[in-house]
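So the structure is just underneath, and the comments pick up after that.
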Amino acid sequence: MTDVRVRFAPSPTGYLHIGGARTALFNWLWARKHGGKLVLRIEDTDRERSTEESVQIVLDSMRWLGLDWDEGPEIGGDRGPYFQTERVGIYAEYAEKLIAAGAAYRCYATKEELAEARATHKAATGQDHGFRFQSPWRDGSKKPDDPDARHVIRFKAPATGTTGWTDLVKGDIEYPNDQQQDQVLVRPDGVPLYNFGATVDDLTMGITLVARGDDHLVNTPVQIMLYRALGQEPPAFAHLPMILGPDGQKLSKRHASVGVLEYRDKGYLPDAVINYLARLGWSHGDQEIFSREELIEAFGWDHVGATGAKYDAKKFAYVQEEQLRSLSDEAICTAALPFLAEIGLGDVAADDARLLAAVPHVKLRATSLADIADGSSYFLRDEVVFDEKGRRKFMKPKFAAHLTSVAELCQGIEPFEVEPIGDAIKAWMEANELTFKHWAQAARVALSGRTATPGLFEVMAILGKDVTVARLSAGAKLAQEAGTETEAG
RNA sequence: GGCCCCAUCGUCUAGCGGUUAGGACGUCGGCCUCUCACGCCGAAAACGGGAGUUCAAUUCUCCCUGGGGUCACCA
């Protein structure tokens, strides 16, 4: 049995798309499951669109997701280089092999001739698609005046028969060869086109299984032919259905956040992204929530669905919530730090007692780390930032006396913890024939500035006696003043 | 249009000839309750259509329909 060698081969033309991340994930899972290697290869042969910045974004995205590669950029490996533009010598060598074997030829047709043939095709058929260039150089009888003149290398595609394979997710697939055209393998400047570059790389890098998006289905027969023309056996193939938007079209920016790093910036956890992506198109019985280890253990191609899967932000949020709650409170605190900094709480430490005390409650009301930061903020700020509606509704004179009473009551509670606070306040309510309705929302707003928080006793305990008393008193004053303002106005 | 792929609740899916067609998200009720959540309980919700094979089709075959992909000197 040969060792598993899989690859992820993005082209650095922007962010790492969430669909690409899923392809990377499935490859990574397969490699890790079998103790194999994941090769990261940068397909930067489109010089118009490839940028160094995008390469960094791809690498950062992979690292953030925790998808480590065994060979590739920044770490090297035996089968490098791992940037296609650095491999032109290798492509030239293999192109020569193909020509020598009679499976490829130099085509000196000019762009004008090509455009002309295309126009003729359109005139005859009324359509742009379906054009297949019949190169006059194909059979080798025509000799160029200058062999070094500008030319491309074309594949001499077989015109009859079929090419097929057993796809690990799609099953048996067969393409008729007459659909193939003599596609360009190498440009005049020696830079390969996708099918040739990918094939030569997969071959020379010893890839045993090619797992990629099913938009590459149609490329597979050519690549298989290329392998065979080179006297090699093709690898196994697994084509993942693409991720669709809610409208069934290819997922794009207009549907959702598609860049991996956008999820980092929104405060999603890498494990959550991994978990959601894995479950999108793959299943393992009734299980929805997976740790990385469980994913590696359970993953297999037999349960990868053949159907395109629609992206569902709600389900994603659910998975994120579950993953967030599976973290220890300490880990959540640490992870939330950057998001606290973003809202002006950059000097809060991960082991801040108030933060640590708040997180167990806040996390039940949070989806993202940004929510954790926001939900913890009023425990950490000196000043209460009031929600306007809450302030208008509850900072009213009729609540002032109760707020003052509770403040005074709190002054005497010892220890100032959830249970004693609860006992004291309940006793106070009973003695005065009050219910929560009479004062609780006002106290909540006074203490937090908000109308929705964890339980009041918890909020008080986390805030501590001094802050609780101070905020309740300040709230009482505010409530009283609101009344005079209204009367004056 | 040619070629290829796909088809179970709104969504992600389980199912691999005989099931009350299961789970999850979402939705809708209810419980809990100081607000908001969490949690718990319950409900509605699917095999695209037509032939065929079979004692029996969601499951196997074919056709139709629908959706998607692709037809570059992009990847």
Side-chain angles (χ1 to χ4, degrees), chain A residues 9-11 13 43-50 84 107 109-111 114 118 125-133 150-154 167 169-171 173-176 178-181 183-189 191-195 197-198 212-221 239 241-242 244 246 248-250 276 279-289 302-303 305-319 321 325 361-366 375 390 394 422 425 429 435-441 443-445 448 450-457 459:
Chain A
S11 53
T13 55
E43 306 211 331
D44 56 351
T45 54
D46 185 343
R47 288 170 157 168
E48 302 278 293
R49 297 194 297 153
S50 299
Q84 288 193 320
C107 174
T110 63
K111 287 202 170 189
L114 215 51
R118 200 180 293 277
T125 64
Q127 296 180 323
D128 286 322
H129 41 237
F131 171 65
R132 283 182 183 69
F133 183 57
R150 184 184 188 283
H151 66 276
V152 299
I153 295 171
R154 281 185 189 273
D167 196 274
V169 347
K170 303 269 189 182
I173 299 178
E174 197 170 64
Y175 280 85
D178 61 14
Q179 289 294 314
Q180 298 297 336
Q181 66 167 328
Q183 54 179 268
V184 175
L185 266 21
V186 184
R187 295 181 174 95
D189 61 1
V191 176
L193 266 84
Y194 172 72
N195 276 125
R212 75 237 291 195
D214 72 0
D215 48 336
H216 285 294
L217 222 35
V218 74
N219 291 316
T220 308
H239 287 92
M242 299 195 297
L244 278 18
Q249 304 288 117
K250 217 166 172 172
Y276 178 67
R279 272 292 286 106
L280 195 58
W282 170 81
S283 62
H284 183 64
D286 286 343
Q287 191 172 353
E288 300 285 349
I289 304 302
D302 48 342
H303 282 282
T307 320
K310 287 178 184 144
Y311 175 93
D312 182 353
K314 293 256 182 64
K315 180 77 174 268
F316 199 162
Y318 163 77
V319 171
E321 285 161 14
R325 288 168 204 163
H361 305 285
V362 173
K363 71 179 177 186
L364 298 178
R365 297 158 173 83
F394 295 105
I425 288 182
M429 286 196 290
T435 66
F436 280 102
K437 288 198 172 34
H438 297 287
W439 64 281
Q441 278 304 81
R444 194 184 311 284
V445 171
S448 69
R450 306 184 178 200
T451 53
T453 72
L456 265 186
F457 308 148
V459 170

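Hydrogens, waters and symmetry mates are skipped; everything else that's a heavy atom, side chains included, is used. Numbers restart at 1 for each chain; the letters A, B, ... are given by sequence-line order, proteins then strands.
- Using a 4.0 Å heavy-atom criterion, one finds that Glu48(A) contacts no nucleic acid atom at all.
- Looking at heavy-atom distances under 4.0 Å, Leu114(A) makes contact with a base.
- Formation of a donor-acceptor pair under 3.5 Å by the Tyr194(A) side chain with backbone atoms of Thr45(A) is not found in this model.
- One donor-acceptor pair, N or O on each side, does fall under 3.5 Å between the base of rC34(B) and the side chain of Arg444(A).
- Using a 4.5 Å heavy-atom cutoff, the side chains of Trp439(A) and Met429(A) are in contact.
- Across all strands shown, rG69(B) is found opposite rC3(B) as a Watson-Crick or G-U wobble partner, with both distances under 3.5 Å.
- Nucleotides rC25(B) and rA14(B) are separated by 15 Å at their C1' atoms, to the nearest Å.
- Within the nucleic acid shown, Pro454(A) comes within 4.0 Å of at least one base atom, counting heavy atoms only.
- Backbone-only engagement by Ser11(A) is indicated by non-hydrogen atom pairs under 4.0 Å involving sugar-phosphate atoms exclusively.
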Using a cut-off of under 3.5 Å, enumerate the N/O to N/O pairs linking the protein to nucleotides 24-27 of chain B.
unit_1: rA24(B); atom_1: O4'; unit_2: Glu288(A); atom_2: OE2; d: 3.3
unit_1: rC25(B); atom_1: O2'; unit_2: Lys315(A); atom_2: N; d: 3.3

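- Counting heavy atoms from C-beta outward, Arg150(A) and Lys111(A) have side chains that approach closer than 4.5 Å.
- Taking the P atoms as reference points, rG39(B) lies 25 Å from rA45(B), given to the whole Å.
- Distances from the side chain of Tyr175(A) to the nucleotides rC4(B), rU13(B), rC73(B) place rC4(B) closest.
- Rounding to the nearest 0.5 Å places CG of Asp215(A) at 5.0 Å from NZ of Lys250(A).
- Closest contact between the side chain of Leu193(A) and the listed nucleotides rG1(B), rC12(B), rA72(B) involves rA72(B).
- Note on Arg49(A): a base of the nucleic acid sits closer than 4.0 angstrom, heavy atoms only.
- Nucleic acid contact class of Pro188(A) (heavy atoms, under 4.0 Å, all strands): base.
- The listed nucleotides are rC73(B), rC34(B), rC12(B); the one nearest the side chain of Leu456(A) is rC34(B).
- Under the 4.5 Å side-chain criterion, counting only non-hydrogen atoms from C-beta, Thr451(A) is in contact with Gln441(A).
- Looking at heavy-atom distances under 4.0 Å, Gln249(A) makes contact with sugar-phosphate atoms alone, never a base.
- Summarising the geometry, the separation between CD on Gln287(A) and C1' on rA14(B) is reported as 14 Å, rounded to the nearest angstrom.
- Using a 4.0 Å heavy-atom distance criterion, His239(A) is classed as making no nucleic acid contact.
- In terms of modelled atom types and a separation under 3.5 Å, the side chain of Arg279(A) and the main chain of Ile289(A) share no donor-acceptor contact.
- Look at Arg118(A) and you'll find a side-chain N or O under 4.0 angstrom from OP1 or OP2 of rA72(B).
- Across every strand in view, rG39(B) sits in a pair with rC31(B) that passes the Watson-Crick or G-U test at under 3.5 angstrom.
- If you check every strand for non-hydrogen atoms under 4.0 Å, Lys250(A) touches sugar and phosphate atoms only.
- Searching all strands for a Watson-Crick or G-U wobble partner of rA14(B) with both distances below 3.5 Å returns nothing.
- No side-chain heavy atom of Thr125(A) sits less than 4.5 Å from a side-chain heavy atom of Phe131(A).
- The phosphate of rU35(B) has neither OP1 nor OP2 within less than 4.0 Å of any side-chain N or O from Arg365(A).
- Across all strands shown, Thr125(A) has no heavy atoms under 4.0 Å from either base or sugar-phosphate atoms.
- The side chain of Val152(A) lies closest to rC73(B), out of rA37(B), rC74(B), rC73(B).
- If you check every strand for non-hydrogen atoms under 4.0 Å, Gly126(A) touches nothing.
- The separation of rG69(B) from rC28(B), taken at their C1' atoms, amounts to 38 Å, rounded to a whole angstrom.
- At a threshold of 4.0 angstrom between heavy atoms, the contacts of Ala109(A) include nucleobase atoms, whether or not backbone atoms are also involved.
- Here the straight-line distance linking atom OG1 of Thr13(A) with atom CD of Glu43(A) works out to 11.0 Å at 0.5 Å rounding.
- Close to rG69(B), at under 4.0 Å from its OP1 or OP2, lies no side-chain N or O of Arg212(A).
- Minimum atom distance to the side chain of Thr453(A) is reached by rU35(B), of the listed rA75(B), rU35(B), rC73(B).
- Picking from rA37(B), rC3(B), rA75(B) the nucleotide with the shortest atom distance to the side chain of Gln179(A) gives rC3(B).
- Checked against rC6(B), rC73(B), rC34(B), the side chain of Thr307(A) finds its nearest nucleotide in rC6(B).
- Using a 4.5 Å cut-off on side-chain heavy atoms (C-beta onward), Asn195(A) and Leu185(A) make no contact.
- Taking a pair to require two hydrogen-bonding distances under 3.5 Å in either a Watson-Crick or a G-U wobble arrangement, rA21(B) remains unpaired.
- Gln181(A) comes within contact range of the sugar-phosphate backbone alone, with a heavy-atom separation under 4.0 Å but no base atom that close.
- Nearest nucleotide to the side chain of Arg132(A), out of rC5(B), rC36(B), rC71(B): rC71(B).
- Annotation: rG67(B) and rG48(B) have their C1' atoms spaced 11 Å apart (nearest Å).
- Mapped onto RNA chain B by nearest heavy atom, Ala452(A) and Val169(A) fall at different nucleotides, with Val169(A) at the one closer to the 5' end.
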(Q) Does Leu280(A) form a side chain to side chain contact (heavy atoms under 4.5 Å, CB included) with Phe316(A)? I'd like the steps, not just the answer. (A) CA-CA 10 Å; Leu280(A) 195 58; Phe316(A) 199 162; over 6 Å; no
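- Remark: rU59(B) base-pairs with no nucleotide; criterion is Watson-Crick or G-U wobble with both hydrogen-bond distances under 3.5 Å.
- Taking the C1' atom of each, rC31(B) and rC6(B) are spaced 44 Å apart, rounded to whole Å.
- For the C1' atoms, the distance linking rU70(B) with rA24(B) amounts to 34 Å, nearest Å.
- Here the separation of rU8(B) from rU59(B), taken at their C1' atoms, is 11 Å to the nearest Å.
- The side chain of Arg150(A) lies closest to rC73(B), out of rC73(B), rC4(B), rC6(B).
- Base pairing analysis places rU53(B) opposite nothing; no Watson-Crick or G-U wobble pair with both distances below 3.5 Å involves it.
- Backbone-only engagement by Gly248(A) is indicated by non-hydrogen atom pairs under 4.0 Å involving sugar-phosphate atoms exclusively.
- Each of Ala366(A) and Asn219(A) lies near RNA chain B, and the nucleotide nearest Ala366(A) is the one positioned closer to the 5' end.
- In this structure, the nucleotide among rA75(B), rC4(B), rU11(B) sitting nearest to the side chain of Lys310(A) is rU11(B).
- Smallest separation of non-hydrogen atoms from Gly213(A) and His239(A): O-CD2, 3.5 Å.
- For the pair Thr220(A)/Arg212(A), a side-chain contact is recorded, criterion being any heavy-atom separation below 4.5 Å from C-beta on.
- Under the Watson-Crick or G-U wobble criterion, with both distances below 3.5 Å, rC47(B) is left unpaired in every strand shown.
- Atom name C1', nucleotides rA21(B) and rG15(B): the rounded distance is 8 Å, in whole Å.
- For His129(A) and rG2(B), the ring-to-base geometry does not satisfy the stacking test (centroid distance below 5.5 Å, interplanar angle below 30°).
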